[in-house]
Amino acid sequence: MKKFTTALTAIFFLLSAPVAASESQMLLNEGRGLVKIFFTSLKGKLVTALKSGGAVKAIKVCSMEAGEVASEVADMSGWEVKRTSLKLRNPGNEPDAWERDVLYKFNARKSAGESPEKIEFSAIVVEDGVRVFRYMKAIPTAEKPCLVCHGEAIKAPVAKALDEIYPSDQARGYKAGDIRGAFSFRKTIN
Ligand code: HEC
């Protein structure tokens, strides 16, 4: 009997390693897909708003719709979905300790020569006894249109509109190619 159990245990361990690997790979693929959907939808709304009413109007659209798009992606997928940064515009996007650490590492990886477009990180962490898959993907600052509202030379009416909605705004002074922040997605897996 003992031999049989030992054999079973060995088989279990042989099988469970690849299963665990493919579980994280599947979740990683799912996270990557959701980032694409989230990013495309946000950027679409931003570009449309910029074209139709200029930057000041686009700020209002962004402030109302960024959260809505996140909720839509969360509802359709069962993942928690957010954007975060070390220099926040909306204090509601504050990183938790895990996210802050990953954001610092993203900046270090960029300084070490990695392309910001490709920087991502995922891990299975245990939070309050629950296993959670966490995935973050860096958001690079593109010259257009990001610098209009996050750059070093923000036009006066744009700065004024930002001051009104975000009195403690820190998300200015970026250059093209900087990491503006990250998408951060999490999913409970047991
Ligand atoms: C029309 C002005 C405008 C433009 C252009 C713009 N943003 Fe923003 N951005 C905002 C506003 C407003 C918020 C706050 C949204 C909110 O309340 O959640 C914001 C928030 C963010 C956040 C969330 C973190 C935080 O600081 O609160 C990230 C990340 C971000 N922007 C990245 C970008 C990137 C990348 C681009 C270029 C593709 C871009 N933004 C272009 C206005 C803009």
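Both ligands and their constituent atoms are indexed starting at 1 by order of listing.
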Could you name the option among [options] that has the heavy atom nearest to [atom]?
{"atom": "atom 18 (O) of ligand 1", "options": "Val69, Asn90, Ile59", "answer": "Asn90"}
{"atom": "atom 26 (O) of ligand 1", "options": "Glu143, Lys57, Arg89, Arg172", "answer": "Arg89"}
{"atom": "atom 20 (C) of ligand 1", "options": "Glu68, Arg83, Met64, Lys87", "answer": "Arg83"}

Starting from [atom], locate the nearest protein heavy atom and write down its residue, its atom name and how far away it is, to 0.1 Å.
{"atom": "atom 36 (C) of ligand 1", "answer": "Cys146 SG, 2.8 Å"}
{"atom": "atom 15 (C) of ligand 1", "answer": "Tyr166 OH, 3.5 Å"}
{"atom": "atom 5 (C) of ligand 1", "answer": "Pro145 O, 3.3 Å"}
{"atom": "atom 24 (C) of ligand 1", "answer": "Asn93 ND2, 3.7 Å"}
{"atom": "atom 3 (C) of ligand 1", "answer": "Cys149 SG, 2.7 Å"}
{"atom": "atom 21 (C) of ligand 1", "answer": "Arg180 NH1, 3.3 Å"}

Would the number of heavy atoms belonging to other residues, nucleotides or ligands and lying under 6.0 Å from CD of Glu143 be above 12?
no
Suppose I only count heavy atoms of [X] and a 4.0 Å limit; which atoms of ligand 1 are within that range?
{"X": "Ala55", "result": "1 (C)"}
{"X": "Ile139", "result": "29 (C), 35 (C)"}
{"X": "Pro140", "result": "35 (C)"}
{"X": "Leu88", "result": "26 (O)"}

Hey, quick one: are Phe133 and Phe183 part of the same hydrophobic cluster, counting side-chain heavy atoms closer than 4.5 Å, chains of contacts allowed?
yes
Hey, any chance Phe121 and Leu86 share a hydrophobic cluster, counting ILVMFWY side chains that come within less than 4.5 Å of each other, even indirectly?
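Yes, Phe121 connects to Leu86 through the hydrophobic network.
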Looking only at heavy atoms, is any part of Leu46 under 4.0 Å from ligand 1, and if so is it the side chain, the backbone, or both, or is it neither?
side chain
Does any N, O or S atom of His150, backbone or side chain, fall under 2.8 Å from atom 8 (Fe) of ligand 1?
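Short answer: yes, at least one N, O or S atom is under the cut-off.
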Separation between CE of Met136 and NZ of Lys82, rounded to the nearest 0.5 Å
8.0 Å
In Å and rounded to the nearest 0.5 Å, what is the OG to CZ distance from Ser41 to Phe39?
11.0 Å
Using a strict threshold of under 4.0 Å (side-chain N to carboxylate O), is an ion pair present between Arg186 and Asp96?
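No, no charged N to carboxylate O under 4.0 Å.
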Run the salt-bridge test on Glu23 and Arg131 with the 4.0 Å N-O cut-off and return the result as yes or no.
yes
Under 6.0 Å from the ring centre and within 45 degrees of the ring axis: does the NZ or CZ of Lys137 meet both conditions for the six-membered ring of Phe38?
no
Between Glu127 and Trp98, is any pair of side-chain heavy atoms under 4.5 Å apart?
no
What's the shortest heavy-atom distance between Ser63 and Ile165, and which atoms?
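Minimum heavy-atom separation between Ser63 and Ile165: OG-CD1, 4.2 Å.
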Polar contact flag for Thr84 and ligand 1 (N/O pairs, less than 3.5 Å)
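N/O-N/O distance below 3.5 Å does not exist for this pair.
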